Amino acid sequence: MFTGLQLKNPDLPFFSHLTLLFTHHLIVMKFSLVLGGLAALASTAVSVKVNPLPAPRNITWGSSGPIPVGDVILRTSDSHHHKHKIVRHAWARAWDTITDLKWVPAATEAPIASYEPFPTGAGLTKRTAVTISSVQVSIVDGDAELQHGVDESYTLDVAASSGSIKIHAQTPWQLIISDGRGGLIIEQPVHIWDAPLYPYRGIMLDTGRNFITVPKILEQIDGMALSKLNVLHWHLDDSQSWPVEMETYPQMTKDAFSPREIFSKSDIRRVIGYAKARGVRVIPEVDMPGHSASGWQQVDPQMVACAHSWWSNDVYKYHTSVEPNPGQLDIIYNKTYEVVKGVYDELSDIFEDNWFHVGADELQTNCYNFSTYVTNWLTEDPSRTYNDLVQYWLDRALPIFRGASPDRRLMMWEDVYLSDPHGTDVPRDIVLQTWNGGLTNIKKLTSSGFDIIVSSSDFLYLDCGRGGIVSNDPRYDVQSNPDGGVNFNYGGNGGSWCAPYKTWQRIYDYDFTTNLTKAEAKHVLGVEAPPMVDSVTVSNEFWPRAAALGELAWSGNRDASGRKRTTLLTQRLLNFREYLVANGVQAQVLLSKYCMQHPHACDLYYNQTVIT
Ligand SMILES: *[C@@H]1O[C@H](CO)[C@@H](O)[C@H](O)[C@H]1NC(C)=O
Ligand SMILES: *[C@@H]1O[C@H](CO)[C@@H](O)[C@H](O)[C@H]1NC(C)=O
Ligand SMILES: *[C@@H]1O[C@H](CO)[C@@H](O)[C@H](O)[C@H]1NC(C)=O
Ligand SMILES: *[C@@H]1O[C@H](CO)[C@@H](O)[C@H](O)[C@H]1NC(C)=O
Ligand SMILES: *[C@@H]1O[C@H](CO)[C@@H](O)[C@H](O)[C@H]1NC(C)=O
């Protein structure tokens with residue numbers, strides 16, 4: 001049984017996307033048809049070159065040539081009609097984009113050297129008899145929730161014989177292009193099978209160190225939906241501010257940066273709903289017990305240790321935090337747990353995801369020299385160590401976190417297991433997010449049996465190399481170029497602890513499962529890129545670099561023969577950047593526009609296999 005939906009198709013534009021999300025048993029489908037225009041198509045012997053990002057796992061092309069796309073009707077084959085609201089809305093958004101943008105993408109791929117040429121079609125002429133007039137979507141089942149591990153695979157077939165595009169699952173796409181004369185065409189036949197390599201493909205938004213407005217958050221979700229990123233890790237708070245409206249402890253938002261820099265419950269619901277409609281999960285993080293001063297101290301100053309200490313990285317043996325401002329939850333003070341439970345339970349009611357991130361990074365032992373509860377606890381029994389203190393936190397806090405939902409999976413930063421101090425018995429069902437030590441830590445964690453999310457700062461931190469994050473820093477008072485000086489400007493060239501800047505090529509070329517056994521590699525559930533940004537810089541930092549990460553985690557960085565395909569990503573990404581901007585996502589420019597219009601002209605090497 002089909003439910004059809006007629007959509008108006010006015011004079012056709014040049015570029016568009018269609019993001020459809022089908023929430024159904026076992027399958028969440030999300031696809032965009034990105035209609036990319038070839039500006040200068042002649043009316044005969046036209047090549048149709050499309051280059052979707054992320055590249056699908058497998059496309060099989062025919063050579064019958066492109067056919068026109070007419071008034072397209074959406075058909076779905078599921079009787080759960082109520083579920084189709086999401087699909088209809090997605091379709092409507094897509095068609096609006098088609099008609100609004102009138103967009104002509106400049107970047108196409110061209111064959112070079114030993115690379116397999118991108119498949120091309122034959123001419124458009126005399127092929128007007130058949131027209132694509134429907135998108136037929138078949139949905140396996142109607143009840144799957146958008147949660148970790150949901151099946152995101154799909155197949156897509158374009159066939160002139162049926163005049164339709166048949167989709168049996170989900171994806172963003174760039175198949176339909178303008179014919180340069182106001183019409184749309186699509187290459188056919190095309191068969192695509194597609195599914196992600198990794199179920200977790202995320203970016204992290206930090207609204208604790210700087211506020212980010214709701215419209216800017218939604219802008220990121222738009223970019224994510226287009227690049228098949230599916231997890232928004234929302235680092236809600238940090239030491240610096242508490243921006244989340246709370247009913248249990250309304251006083252916490254006294255530590256927002258201002259009354260205008262607070263997320264209301266309806267703001268949060270709006271973000272979650274907007275994300276869900278685009279196949280994006282929202283995983284909240286409340287960073288505890290480190291990185292915790294703002295908010296908590298308003299409930300009870302005693303539950304925060306060292307909040308008013310000098311952070312002391314100038315006299316490091318006294319340092320109470322590695323980044324200003326200090327403050328850690330007092331692990332021994334009993335009321336800490338009462339307040340943590342109140343906050344956690346309230347947030348659990350609003351965030352629907354089965355995963356919750358509870359922080360656990362960068363605990364500094366010196367901070368607890370300011371706590372009589374902790375110092376007494378340590379002296380009461382001289383055999384106690386700071387590792388025992390971390391374990392004490394886990395033993396008391398984990399039941400609170402697990403109590404909120406039996407299905408819940410907890411995430412923590414790797415520090416809880418790898419740093420000094422660390423827990424002595426960290427449960428293996430906690431997903432650890434690795435951000436230090438690159439491949440070394442990935443190996444350590446996976447070989448210890450942890451499921452992990454890879455955020456290695458040397459590859460995936462997008463704010464690196466933009467200068468340090470502290471002031472009054474004499475290390476920058478230099479009168480010659482510090483190039484080459486190891487640690488000359490804190491962390492390397494360009495300053496910042498994780499310098500240098502991570503380019504899209506560095507991100508894409510990161511082989512993060514190198515040297516893992518098969519069993520260890522299975523513990524890698526996905527990847528995530530975190531930067532520190534505010535509303536002004538957020539889109540610029542993420543895009544289009546996060547899209548390179550999207551492809552890395554969706555279909556990998558290698559072609560069928562096992563060679564790195566970074567060179568082929570270039571045009572996809574340059575094109576995608578333009579498309580993001582056209583969709584209102586303020587993405588950074590990567591290369592001169594000339595490079596986009598002249599594939600490979602800007603390659604550093606003519607030899608296309610120098611990247612291995
Ligand atoms: C902090 O307290 C611990 C435990 O009493 C002690 O070993 C350590 O030396 C103190 N740190 C400093 C910088 O005084
Ligand atoms: C704190 O809580 C623990 C565990 O519930 C209890 O054993 C202890 O007596 C409490 N301490 C104080 C000072 O209330
Ligand atoms: C992988 O393991 C091999 C053999 O132990 C070693 O030579 C190589 O350096 C490792 N590669 C990386 C990137 O760690
Ligand atoms: C794609 O599918 C075709 C047809 O099933 C198959 O022959 C080909 O090997 C596949 N290519 C890749 C890269 O998996
Ligand atoms: C291209 O570079 C690869 C990797 O360095 C090298 O093995 C190959 O010989 C080069 N090809 C040519 C034609 O120079």
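In listed order, ligands and their atoms are each counted from 1. Keep in mind that what you see is a predicted model, and the values were worked out from it rather than measured.
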A.B. asks: Between Phe370 and ligand 1, which residue portion shows a heavy-atom distance shorter than 4.0 Å: side chain, backbone, both, or neither?
C.D. replies: neither

A.B. asks: Can you tell me how far apart CD1 (Ile192) and CG (Asn58) are? Round to the nearest 0.5 Å.
C.D. replies: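 Ile192 atom CD1 to Asn58 atom CG measures 9.0 Å (nearest 0.5 Å).
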
A.B. asks: Counting heavy atoms only, which part of Thr379 comes closer than 4.0 Å to ligand 1: side chain, backbone, both or neither?
C.D. replies: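 It is neither part, as no heavy atom is under 4.0 Å.
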
A.B. asks: Are any of the side-chain nitrogens in Glu323 or Arg209 under 4.0 Å away from the carboxylate oxygens of its partner?
C.D. replies: yes

A.B. asks: Between Asp349 and Lys265, does at least one N-O distance fall below 4.0 Å, as a salt bridge requires?
C.D. replies: no

A.B. asks: Could you tell me how the ring of His233 sits relative to the ring of Trp413: parallel (under 30°), tilted (30 to 60°) or perpendicular (over 60°)?
C.D. replies: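 Rings of His233 and Trp413: tilted, as their planes differ by 30° to 60°.
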
A.B. asks: Starting at OG1 of Thr248, measure out to OH of Tyr344 and round the result to the nearest 0.5 Å.
C.D. replies: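 Nearest 0.5 Å value for the OG1-OH distance: 14.0 Å.
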
A.B. asks: How does Thr609 reach ligand 5, by side chain, by backbone, by both or by neither, if only non-hydrogen atoms under 4.0 Å count?
C.D. replies: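 The answer is both, backbone and side chain.
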
A.B. asks: Which atoms from ligand 1 have a heavy atom of Lys317 less than 4.0 Å away?
C.D. replies: 13 (C)

A.B. asks: With a distance cut-off below 6.0 Å to the six-membered ring centre and an angular limit of 45° from the axis, does Arg396 pair with Tyr337 as a cation-pi contact?
C.D. replies: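 Relative to the ring axis of Tyr337, which defines the angle, Arg396 lies inside both limits.
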
A.B. asks: For atom NZ of Lys522, is the number of surrounding heavy atoms from other residues, nucleotides or ligands below 6.0 Å larger than 12?
C.D. replies: no

A.B. asks: Going by the order shown, which atoms of ligand 1 are within less than 4.0 Å of some heavy atom of Tyr318?
C.D. replies: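 Result: 13 (C).
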
A.B. asks: State plainly whether the residues Glu520 and Lys443 are in salt-bridge range, i.e. N to O under 4.0 Å.
C.D. replies: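 Here Glu520 pairs with Lys443 in a salt bridge, since their nearest N and O are under 4.0 Å apart.
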
A.B. asks: Does ligand 2 have any N/O pairs with the protein under 3.5 Å, and how far apart?
C.D. replies:
from	atom 1	to	atom 2	distance (Å)
ligand 2	2 (O)	Asn334	OD1	3.0
ligand 2	2 (O)	Asn334	ND2	2.4
ligand 2	11 (N)	Asn334	ND2	2.7
ligand 2	14 (O)	Asn334	ND2	3.2

A.B. asks: Scan side-chain atoms only and decide if Tyr508 and Arg565 contain a donor-acceptor pair under the 3.5 Å cut-off.
C.D. replies: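 Yes, Arg565 and Tyr508 have a side-chain donor paired with an acceptor closer than 3.5 Å.
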
A.B. asks: Suppose I only count heavy atoms of Asn366 and a 4.0 Å limit; which atoms of ligand 1 are within that range?
C.D. replies: 11 (N), 13 (C)

A.B. asks: Relative to each other, are the rings of Phe263 and Trp234 parallel, tilted or perpendicular (30° and 60° limits)?
C.D. replies: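 Ring orientation, 0 to 90° scale: perpendicular.
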
A.B. asks: Going by the atom numbers of ligand 1, which of them fall below 4.0 Å from some non-hydrogen atom of Tyr386?
C.D. replies: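 Close to Tyr386: 2 (O), 3 (C), 4 (C).
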
A.B. asks: I need the contact type for Tyr368 against ligand 1. Using non-hydrogen atoms and a strict under-4.0 Å cut-off, is it side chain, backbone, both or neither?
C.D. replies: neither

A.B. asks: Judging by distance only, is a nitrogen or oxygen of Thr612 under 3.5 angstrom from one on ligand 5?
C.D. replies: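 So ligand 5 has no N or O lying under 3.5 Å from an N or O of Thr612.
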
